[in-house]
Visitor: 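Below is the structure I would like to discuss, written out as structure tokens.
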Amino acid sequence: MKAEDLRIGNYVRVSSDNCMFPKGALCEVVAIDSERTHEEKKGLADLLQIVREEWEFSHGVWCDDIEGIPINSEFLRKNGFENVRHHIDEDGFEWCQYEHKDSCLEIWHYLQDDAYSAFYCACELCEISFVHEIQNIIAATKESIKIIV
């Protein structure tokens, strides 16, 4: 992952055993240093494990050792998105349309490709795959959606 793709508050997952957090740990980004380098690594993020003891604190993790948390229908439902439509066109292409109950944000899930696209006020913004991408869209559109992982 690139430091430029992250914002403070994003939820990510540790993808390496070579850091203070166990591989697979879900973390929140609390600081970003996109200029920090070491050998071939560039970009450092301070992460705070989401499930932690009260006394635990953040640790720096190279952005190469961070990955996104994949979006799925369970995540969408848990975060206030309702499956409002299930479409199948004349060519058999199938997708589900999720709308957020308190905003103009929609997520379309294309079932054949297991791909997702974000829409805001009926305009397609981009394809997305990860929780932090939804968080970045929420921040950019100034919606007041709290994300839960």
Side-chain angles (χ1 to χ4, degrees), residues 1-83 93-149:
M1 179 171 293
K2 295 179 182 176
E4 295 79 19
D5 296 335
L6 295 173
R7 297 174 60 96
I8 292 174
N10 280 162
Y11 295 135
V12 294
R13 185 168 56 191
V14 175
S15 63
S16 172
D17 286 325
N18 297 328
C19 62
M20 294 296 293
F21 298 110
K23 184 176 181 175
L26 300 180
C27 298
E28 181 179 356
V29 176
V30 295
I32 305 164
D33 183 351
S34 60
E35 298 302 315
R36 184 62 105 24
T37 61
H38 176 70
E39 296 175 2
E40 74 281 350
K41 297 189 182 233
K42 183 173 192 266
L44 190 71
D46 276 3
L47 303 182
L48 187 60
Q49 199 164 348
I50 293 172
V51 177
R52 65 184 180 278
E53 297 294 327
E54 200 172 296
W55 52 267
E56 291 181 306
F57 51 90
S58 66
H59 296 282
V61 177
W62 292 107
C63 290
D64 289 349
D65 297 329
I66 299 171
E67 64 187 8
I69 301 167
I71 297 169
N72 58 38
S73 56
E74 179 186 339
F75 165 81
L76 292 172
R77 283 191 297 275
K78 183 176 173 181
N79 284 282
F81 288 88
E82 289 182 20
N83 185 346
F93 190 73
E94 186 175 9
W95 70 95
C96 293
Q97 183 176 343
Y98 293 85
E99 292 179 358
H100 193 273
K101 60 183 176 187
D102 297 325
S103 77
C104 291
L105 189 59
E106 295 179 9
I107 307 295
W108 289 23
H109 180 203
Y110 304 104
L111 301 173
Q112 284 87 341
D113 304 328
D114 196 26
Y116 295 84
S117 286
F119 290 75
Y120 185 69
C121 294
C123 294
E124 186 170 14
L125 299 176
C126 58
E127 286 189 23
I128 57 174
S129 300
F130 303 107
V131 170
H132 74 277
E133 294 170 325
I134 287 181
Q135 289 179 292
N136 293 348
I137 290 168
I138 291 167
T141 58
K142 300 190 182 331
E143 289 285 353
S144 58
I145 302 171
K146 176 144 175 63
I147 295 295
I148 304 165
V149 287

Visitor: Can you tell me if CD on Gln112 sees more than 12 non-hydrogen neighbours from other groups inside 6.0 Å?
Guide: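 Counting other residues, nucleotides and ligands, CD of Gln112 exceeds 12 neighbours.
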
Visitor: Are Cys96 and Leu111 close enough that some pair of their side-chain heavy atoms sits under 4.5 Å apart?
Guide: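 A side-chain contact under 4.5 Å exists here.
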
Visitor: Looking at side-chain heavy atoms only, is the closest gap between Glu99 and Glu106 below 4.5 Å?
Guide: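 They are in side-chain contact.
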
Visitor: To the nearest 0.5 Å, what is the distance between CD (Glu40) and CH2 (Trp62)?
Guide: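 The CD atom of Glu40 sits 9.5 Å away from the CH2 atom of Trp62.
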
Visitor: Work out which heavy atom in Val12 is nearest to a heavy atom in Leu6; give both atom names and the distance.
Guide: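 Closest pair (atom of Val12, atom of Leu6, distance): CG1-CD2, 3.8 Å.
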
Visitor: Evaluate the side-chain proximity of Leu26 to Phe21: yes if any heavy-atom separation is below 4.5 Å, no if none is.
Guide: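 No, side chains not in contact.
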
Visitor: Are Pro70 and Arg13 side-chain neighbours, meaning at least one heavy-atom pair lies under 4.5 Å?
Guide: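 Heavy-atom side-chain distance check passes, below 4.5 Å.
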
Visitor: Are Leu48 and His59 packed together at the side-chain level, in the sense that at least one heavy-atom pair is separated by less than 4.5 angstrom?
Guide: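 Of all side-chain heavy-atom pairs linking His59 with Leu48, none is under 4.5 Å.
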
Visitor: Is it the case that the side chains of Tyr120 and Glu143 hold a donor-acceptor pair, with the cut-off being a distance below 3.5 Å and no angle test?
Guide: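 Short answer, yes.
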
Visitor: So, do Ile145 and Ile147 sit near enough that their side-chain heavy atoms are less than 4.5 Å apart?
Guide: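 Yes, at least one pair of side-chain atoms sits under 4.5 Å.
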
Visitor: Taking the side chain as every heavy atom from C-beta outward, state whether Leu76 and Ile134 have any atom pair closer than 4.5 Å.
Guide: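 SC-SC contact between Leu76 and Ile134 confirmed.
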
Visitor: Has Lys41 got a side-chain atom pairing as donor or acceptor with Cys63's backbone, closer than 3.5 angstrom?
Guide: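 A pair under 3.5 Å: no.
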
Visitor: How are the rings of Phe130 and His132 set relative to one another: parallel (under 30°), tilted (30 to 60°) or perpendicular (over 60°)?
Guide: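 The rings of Phe130 and His132 lie parallel, inter-plane angle below 30°.
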
Visitor: With rounding to the nearest 0.5 Å, note down the distance linking CG in Asn10 to CD1 in Ile66.
Guide: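 One finds 10.0 Å between CG of Asn10 and CD1 of Ile66.
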
Visitor: What is the distance from atom OH of Tyr110 to atom CD of Glu94, rounded to the nearest 0.5 Å?
Guide: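 The OH atom of Tyr110 sits 13.0 Å away from the CD atom of Glu94.
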
Visitor: Side chain of Glu82, backbone of Lys101: donor and acceptor closer than 3.5 Å?
Guide: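 A pair under 3.5 Å: no.
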
Visitor: Output yes when a side-chain donor or acceptor of Glu124 lies under 3.5 Å from a complementary backbone atom of Ser117, and no otherwise.
Guide: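 Answer holds: no.
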
Visitor: Any side-chain to backbone donor/acceptor pair from His100 onto Ile107? Under 3.5 Å, distance only.
Guide: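 No; judged by distance alone, with no hydrogens or angles, the pair does not exist.
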
Visitor: Could you measure the distance from the OH atom of Tyr98 to the CZ atom of Arg77? Nearest 0.5 Å is fine.
Guide: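 Tyr98 OH to Arg77 CZ: 5.5 Å, rounded to 0.5 Å.
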
Visitor: I'd like to check Phe81 versus Asn83 (side-chain heavy atoms, cut-off strictly below 4.5 Å). Are they in contact?
Guide: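 They are not in contact (no side-chain heavy atoms under 4.5 Å apart), so the answer is no.
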
